[in-house]
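The structure appears right after this line, and notes come after that.
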Amino acid sequence: MKFFFTILILLIYNSVLAQDNEANAILEKIQKSKEDTNRVLAYVEYGQYLENQNLDSAAKYYLKAEALSRKLNYPAGKFKFRSNYTYILNLQGKFEQALRLNNESLEIAREMKSPLNIGKSMANIAASYTYMGNFTNAIRFYQQSADQFEKLGQKTFLPRLYVNIGTAFEHANLFNKSLEYKQKALRLARPMNDSLQLADILTNLGGCLFNLKKYEQSLAYYSEGLAVAQKIGSDIFVVQAYGGLCRTNRGLKKLDKAREFGEKGLKLARETGNVFLEMECLRALMFVAEDSKQPELSAKYTGEALKIAEENEMTDHLVELYEDYATDLARQNNYKAAYDYLMKYAILNDSIQGIDVQKQLQELDTRYLTAQKEKQIVTLEKEKQTRNTLIYGLAAGLIVLALISALVYRNITIRKQIAENEVLQLQQEKQLVATNAILKGQEEERTRVARDLHDGLGGLLSGIKLTLNSVKGNVILPEESAMTFTRALTQLDGAISEMRRVAHSMMPETLVRFGLIEALSDFCEGISSSGQLRVTMQDFGFDKRLDSSVEIVLYRIVQELLNNVLKYAEATEAQVQLTRVGNNVSVTVEDNGKGFDVNNLDQNKGAGIRNVQARVDYLNGRLDIQSTPEEGTSVLIEIVV
């Protein structure tokens, strides 16, 4: 189950908090100024100072700025009000109202003809869509905002923007894609000496790594983020870090520490009136109580979090809470209510995290990366045309100096060839990006569908079985009807088993929890037990697990090769060997089947071999196939990790 504990930070707030003496100076400026634009700016500045202390007080000064801006017809003041006030609305869970004001700020920015403010408004609109669970629109507006800032050369805004793009992918369960953007943001942010931004990015990265179950790395980022947030007195990111440390320590089975951090975060969130962070702290404590065998306390936290999410229409969080609450109701033997909440979970989950949404997000990201490559290609083409013009000019001007002209021409020709090679390389990289996106999308879809089958449909079927079993014990049926009822229960057990088998085939739980070696051992034993083929497996040097993305690809390669042996080789025995020496990993699959002529492989390469080759290319590895008719086949894959 994934967790989200991220605040989408709008791009317009001050990165350095005002100190107390500065706050007094702002108040003095408000008192002494006339009712003009300077007072509007002072209201906004003081509201930004109060954001870290009390959201309601900050909102009051922003509303004063709006009222005076309307009176003065001051466009910049109207824009600043909307950009800052929507940040408060998002923290209070008022997402629809925030989206409306962000759309208004975009229109104001266009009337002001301010490209910078247009980019900020697009980023804020994207943040609103992310809160509302509309990730396709969120990614679209974030990419438009990124293009706007890159055109203007405003790299200062890019780290926060990349964090928000990563958060949108995270909400859609695309955690590896999210990690790419957030790590990119951290690389840009560290040299900027912006502590508030750094605290934001560090805690976001901690949450992303937690979702990838990399708890030790997650703990390090949350701890660093907490230290930075406490140093600058940022309550928002202190709470965010507390909640993250609660969940991470729970993942490391340190429940006492987890409870301590969760309770600290909940107290501070309630003191600052931040309902969004209050709900997240409640969810973190809910799971700690569950692991501590305190079901009543867990149900209490779940109910409080669900109430906040429903009151503020936090769509994406409702998905998780419906499922959690159904579990709590089932523990209390309230199966009808549990079934109702499971149905709510299934319907809402399909609407915001279904296959179509994830495909749209993958396609948007691929198009965005492709567009970036195409821009580089256009630039190189222009450089190529410039070089060609220079060639012709020099040839005409230096026709008398034949030797010198020849040397110059030869030098420029070489440069031209280099430029053409660079264009070709960029085109190949563009194709590789598209291929990688497809392979990642396939594995993420397998994972999502397997999880939905197991957690969604499996939960529903199990709920039905529990209900039928309770009915069976309370109703007296004729003998014939009782036999029919029992047969129906048996068929339901078969359906549950078949569903679990399909889910395991799409994404084996052993691969996710225990790694490549255990998963392949199970797979090979499964084939051997069928009696069609005896498969033995050997491994060497796998004391530590590989990266999860590499393990998935290697598992699919071995799976495809053994399926080919079953289908075509007519073999009785097969052997799988995995060896790791340092960073070098090799995989060998051999069989005693009928073999084939490898010289005909290029002309008759089937879909299975093409899939294997594509996955080996994705790992930048080498594929070697050796086979002789009637003497079996040996396939070797070598990669560097």
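The model shown is predicted, which means the values in this text are computed figures rather than measured ones.
Salt bridge K177/E170: absent, no basic N to carboxylate O contact under 4.0 Å. In summary, K300 and E290 do not engage in a salt bridge, as defined by a charged side-chain N under 4.0 Å from a carboxylate O. Ion pair E263/K267 not flagged as a salt bridge, since none of the NZ, NE, NH1 or NH2 atoms sits closer than 4.0 Å to an Asp/Glu carboxylate oxygen. Salt bridge E304/K307: absent, no basic N to carboxylate O contact under 4.0 Å. A salt bridge is absent between K78 and E66; no separation between the charged side-chain nitrogens and carboxylate oxygens falls under 4.0 Å.
A donor-acceptor pair under 3.5 Å is absent between the side-chain atoms of S218 and the main chain of K214, judged by distance alone. No donor-acceptor pair closer than 3.5 Å links the side chain of T86 to the backbone N or O of A98. Judged by distance alone, the side chain of N137 and the main-chain N or O of R140 form no donor-acceptor pair under 3.5 Å. In terms of modelled atom types and a separation under 3.5 Å, the side chain of Y222 and the main chain of G207 share a donor-acceptor contact. Using a distance-only test at 3.5 Å, with no hydrogens or angles considered, a donor-acceptor pair links the side chain of T203 to the main chain of A199. Here the side chain of Q148 pairs a donor or acceptor atom with the backbone of P115 at under 3.5 angstrom.
Residues R110 and I118 are in side-chain contact: their nearest non-hydrogen atoms beyond the backbone lie under 4.5 Å apart. At least one side-chain heavy atom of E216 sits under 4.5 Å from a side-chain heavy atom of L252. The closest side-chain heavy-atom distance from N249 to V288 is not below 4.5 Å.
From L196, atom CG reaches atom CD1 of I236 across 8.0 Å, with rounding to the nearest 0.5 Å. Y221 contributes atom OH, which lies 7.5 Å from atom CG of L202 (distance to the nearest 0.5 angstrom). The NZ atom of K60 sits 9.5 Å away from atom CG of N54, with the distance rounded to the nearest 0.5 Å. N176 CG to E180 CD: the interatomic distance, rounded to the nearest 0.5 Å, is 7.0 Å. Atom CG of residue D194 and atom CD1 of residue I201 lie 8.5 Å apart, to the nearest 0.5 angstrom. One distance of note links OH of Y162 with OG of S178; it measures 14.5 Å at 0.5 Å rounding.
Residues F135 and Y129 keep their aromatic ring centres 6.0 Å or farther apart. Taking the centre of each ring, Y43 and Y62 stay at or above the 6.0 Å mark.
Under 3.5 Å, the side chains of N103 and R100 contain no donor-acceptor pair of N or O atoms. Checked by atom type, the side-chain pair R82/S105 shows no donor-acceptor distance below 3.5 Å. In this model, no donor atom of one side chain and acceptor atom of the other lie less than 3.5 Å apart for D235 and T272.
For the pair K64 and Y61, the distance from NZ or CZ to the six-membered ring centre is under 6.0 Å and the angle to the ring normal is within 45 degrees.
Shortest non-hydrogen contact noted between P159 and T156 is CD-O, 3.4 Å. Here the closest non-hydrogen pair linking S223 and L245 is OG-CD2, 3.8 Å. Between R247 and F210, the shortest heavy-atom distance links the atoms O-CE1, 3.2 Å. Of all heavy-atom pairs spanning S298 and M286, the tightest one is OG-O, 3.2 Å. For S195 against I232, the heavy-atom pair with the smallest separation is CB-CG2, 3.6 Å. Taking each heavy atom of A109 and F79 in turn, the nearest pair found is CB-CE1, 4.0 Å.
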Could you give me the CA-CA distance, side-chain angles and deciding distance for F169 and F175, then say whether ring pair (Phe, Tyr, Trp, His ring centres under 6.0 Å) is met? CA-CA 7 Å; F169 278 112; F175 299 127; over 10 Å; no
Take D56 and Q92, measure what side-chain contact (heavy atoms from CB on, under 4.5 Å) needs, and give me the verdict at the end. CA-CA 10 Å; D56 291 334; Q92 294 175 339; 3.3 Å; yes
Audit row: N38, S33, side-chain hydrogen bond (donor to acceptor under 3.5 Å, both in side chains) steps and yes/no: CA-CA 7 Å; N38 289 327; S33 64; over 6 Å; no
S292 and R259: side-chain hydrogen bond (donor to acceptor under 3.5 Å, both in side chains), yes or no, with the steps? CA-CA 10 Å; S292 301; R259 186 180 299 105; 2.9 Å; yes
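Sparse packing is recorded around CD of E96, with 12 or fewer heavy atoms of other residues, nucleotides or ligands lying under 6.0 Å away.
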